[in-house]
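The next block holds one structure in the form of structure tokens; read it before the comments.
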Amino acid sequence: MAYYYPEPSHTFSEYLLIPGYTSEECIPDRVSLKTPLVKYRKGVEEPAISLNVPLTSAVMQSVSNDTLAIALAKEGGISFIFGSQTIENQAAMVARVKGYKAGFVTSASNLTPDATLADVLALKAKNGFSTVAITEDGTANGKLLGIVTSRDYRVSRMSPTDKVVDFMTPRAKLVVGSKDTTLKQANDIIWDNKLNSLPIVDENDHLMYFVFRKDYSSHKENPLELLDSKKRYLVGAGINTRDYATRIPALLEAGADVLVIDSSEGYTCWQEKTIKWVRENYGDTVKIGAGNVVDRDGFRFLAEAGADFVKVGIGGGSICITRETKGIGRGQATALIDVAAARDEYFKETGIYVPICSDGGIVHDYHMTLALAMGADFMMLGRYFARFDESPTNKVMVKGAYMKEYWGEGSNRARNWQRYDLGGSSKLSFEEGVDSYVTYAGPLHDNVEASLYKVKSTMCNCGVITIPDLQREAKLTLVSSVSIVEGGAHDVTLRSTSTVK
């Protein structure tokens with residue numbers, strides 16, 4: 001007969017944390033949310049990639065594009081650019097994140113001296129940059145002849161046909177840096193000369209990069225931003241188990257720092273084959289996560305296959321109807337607790353710590369703290385990020401309130417059949433996701449800051465200031481249905497219908 005688990009599976013809402021002793025050092029400003037993203041030999045080495053905050057954005061059309069990836073990297077997390085698009089488009093998104101902001105930025109706006117003011121304005125409208133490099137051939141690495149900024153022209157007093165050569169700041173009047181200029185030296189030059197940008201040129205006066213004053217300020221304003229060794233934002237990308245041999249090289253060429261197999265269910269031979277192909281072709285230099293799983297067996301399978309991290313959760317997403325349509329899945333809290341135990345066992349046996357990602361089931365901010373306490377090293381969120389300005393979907397008015405569109409990868413709108421691939425024909429036979437709206441919430445920065453402050457505050461209530469300490473020291477209790485009612489406002493008449501989650 002079939003195996004029956006002795007206990008029902010539980011969700012985050014069925015648990016509460018028990019306070020621990022709070023010492024003087026337990027204040028939110030001292031809490032560190034740094035956490036490993038990829039596997040490593042714990043106690044022997046540092047992870048190749050760590051997150052400064054335990055947040056990643058879901059591999060979804062309605063969530064993770066380049067705009068959101070940049071915003072999240074500023075906060076210390078990472079996005080996985082959705083893979084249900086052409087390889088060229090996905091690689092272009094990755095490249096835009098890697099080139100958006102760096103200590104040394106390849107020029108994205110370039111014209112020749114024969115261009116006109118109209119060309120300058122059109123380029124600014126297209127990409128939003130006010131600094132335009134004027135090079136001999138109009139390329140990002142052509143011989144530098146001058147630059148144009150908004151201070152070089154006045155639209156009201158000039159004709160759209162005026163030539164760039166007549167109003168640009170010429171090369172002779174530019175302060176530039178050599179190719180050997182360090183980032184610190186470049187910033188010193190910028191400040192000493194009261195510049196907004198500093199062109200970096202090679203020995204033949206060909207443009208190499210720009211260093212911008214605003215990037216220095218941005219780093220000061222975002223001390224947790226997630227950067228690579230070249231001061232570029234880190235970004236991930238989703239892949240599938242069909243076209244990985246073509247997609248992965250293109251994503252790596254574009255600069256992807258980490259990959260993840262985007263699938264509703266990860267305990268499959270196809271994920272094993274995909275990871276094996278990566279190891280055979282790239283060794284351990286390419287970092288790749290896998291999933292999703294909900295039990296020890298699934299985790300063990302992917303860990304032994306070579307996954308750098310494992311995603312946990314089936315059917316718990318707000319737009320996912322896998323449990324309804326297929327009757328498969330597990331309560332997110334129970335799944336996470338089970339997989340975390342398997343992760344710790346695997347570490348004791350091998351010395352290799354494989355981080356786990358809680359994917360799905362998070363409705364309220366306090367669920368984030370519960371997920372971490374239950375063993376998650378980081379979380380993957382879809383609905384949460386879909387609400388923000390930086391997500392790729394439209395903001396629309398619905399019944400008098402602003403909403404943002406949000407749809408699942410298993411919906412008819414996304415038609416991401418590869419995510420649900422079981423080796424059959426390439427089509428979406430039935431939907432496993434819905435097309436919906438979520439309440440518009442404003443900018444990502446403000447919301448993430450507020451959510452993580454709650455996490456830090458709760459950790460202090462538990463007497464800890466790091467995620468590993470929380471995982472080790474946390475005390476959790478199951479709650480009854482009536483105690484859930486007791487935990488909210490009750491037996492009063494509210495003066496307002498608004499609530500704070």
Side-chain angles (χ1 to χ4, degrees), residues 1-12 14-15 36-42 59 239-241 244 259-279 287-317 320 322-323 325-361 370-380 410 418-424 432 471 476:
M1 62 181 290
Y3 175 78
Y4 291 88
Y5 285 89
E7 295 291 333
S9 64
H10 297 285
T11 66
F12 291 133
E14 296 175 79
Y15 283 90
L37 177 68
V38 297
K39 68 181 179 184
Y40 67 111
R41 294 188 177 276
K42 192 174 181 180
V59 194
I239 63 168
N240 61 67
T241 56
Y244 56 84
L259 307 172
V260 65
I261 303 173
D262 179 32
S263 175
S264 66
E265 205 272 296
Y267 194 178
T268 72
C269 62
W270 296 286
Q271 291 217 5
E272 182 181 39
K273 290 176 181 178
T274 303
I275 297 170
K276 181 179 180 181
W277 183 90
V278 169
R279 297 297 175 234
K287 307 303 180 183
I288 180 170
N292 287 20
V293 300
V294 293
D295 66 357
R296 293 166 179 256
D297 293 343
F299 170 84
R300 190 85 187 199
F301 172 79
L302 291 177
E304 291 176 350
D308 285 292
F309 64 85
V310 175
K311 290 205 297 152
V312 181
I314 294 176
C320 184
T322 294
R323 296 181 193 173
T325 57
K326 299 173 70 173
I328 192 169
R330 199 176 194 188
Q332 187 65 11
T334 299
L336 190 54
I337 292 168
D338 196 15
V339 172
R343 184 232 12 235
D344 294 343
E345 291 171 1
Y346 187 79
F347 168 65
K348 289 179 181 178
E349 293 175 19
T350 66
I352 299 173
Y353 186 88
V354 181
I356 58 175
C357 168
S358 180
D359 180 15
L370 285 171
L372 296 172
M374 290 173 181
D377 295 284
F378 56 96
M379 295 155 281
M380 179 169 281
Q418 294 95 334
R419 191 176 195 275
Y420 305 88
D421 183 24
L422 292 175
E432 293 190 43
Q471 293 170 340
L476 297 112

Enter the distance from E7:CD to I337:CD1 here, rounded to the nearest 0.5 Å.
11.0 Å

Please find the pair of heavy atoms, one from E272 and one from A305, that lie closest to each other, and give the distance.
CG-CB, 4.3 Å

Can you say whether the rings of Y244 and W277 are parallel (under 30°), tilted (30 to 60°) or perpendicular (over 60°)?
perpendicular

How many angstroms lie between CG in L336 and OG in S9, if you round to the nearest 0.5 Å?
13.0 Å

Return the minimal non-hydrogen interatomic distance between V310 and V293, and the atom names on each side.
CG1-CG2, 3.6 Å

Does either side chain, that of Q271 or that of T274, offer a donor lying less than 3.5 Å from an acceptor on the other one?
no

Would you check if V294 and E265 make a side-chain contact, meaning some heavy-atom pair closer than 4.5 Å?
no

Taking the side chain as every heavy atom from C-beta outward, state whether R330 and D338 have any pair of such atoms under 4.5 Å apart.
yes

Heavy-atom count around Y4 OH within 6.0 Å, excluding the residue itself: above 12?
no

What's the separation between atom CG in N292 and atom CG in D359, rounded to the nearest 0.5 Å?
4.5 Å

Shortest non-hydrogen separation from P355 to F378 and the atoms involved:
CB-CE2, 4.1 Å

Scanning both residues in full, the closest heavy-atom pair of Y15 with A333 reads CE1-CB, 3.7 Å

Using the salt bridge (Lys or Arg N to Asp or Glu O under 4.0 Å) criterion, which residues pair with R300? Sequence neighbours excluded.
E304, E349

Can you tell if the side chain of D377 reaches within under 4.5 Å of the side chain of F309, non-hydrogen atoms only?
no

Does I288 reach the side chain of I239, with side-chain heavy atoms less than 4.5 Å apart?
yes

Can you name the nearest heavy-atom pair linking S358 to Q332, along with the distance?
OG-NE2, 3.1 Å

For the OG1 atom of T334 and the CZ atom of F12, what is their distance to the nearest 0.5 Å?
9.5 Å

For R343 and I356 the tightest heavy-atom approach is NH1-CG1, 3.4 Å

R41 vs I352 side-chain heavy atoms within contact, under 4.5 Å
yes

Are M380 and V59 packed together at the side-chain level, in the sense that at least one heavy-atom pair is separated by less than 4.5 angstrom?
yes

Audit row: V339, R296, side-chain contact (heavy atoms from CB on, under 4.5 Å) steps and yes/no:
CA-CA 5 Å; V339 172; R296 293 166 179 256; over 6 Å; no

Got F299 and V354 here, is their nearest side-chain heavy-atom distance under 4.5 Å?
yes

Is L372 close to M379 at the side-chain level, that is, under 4.5 Å between some pair of heavy atoms?
yes

Output for pair (C269 SG, K276 NZ), nearest 0.5 Å, gives 12.0 Å

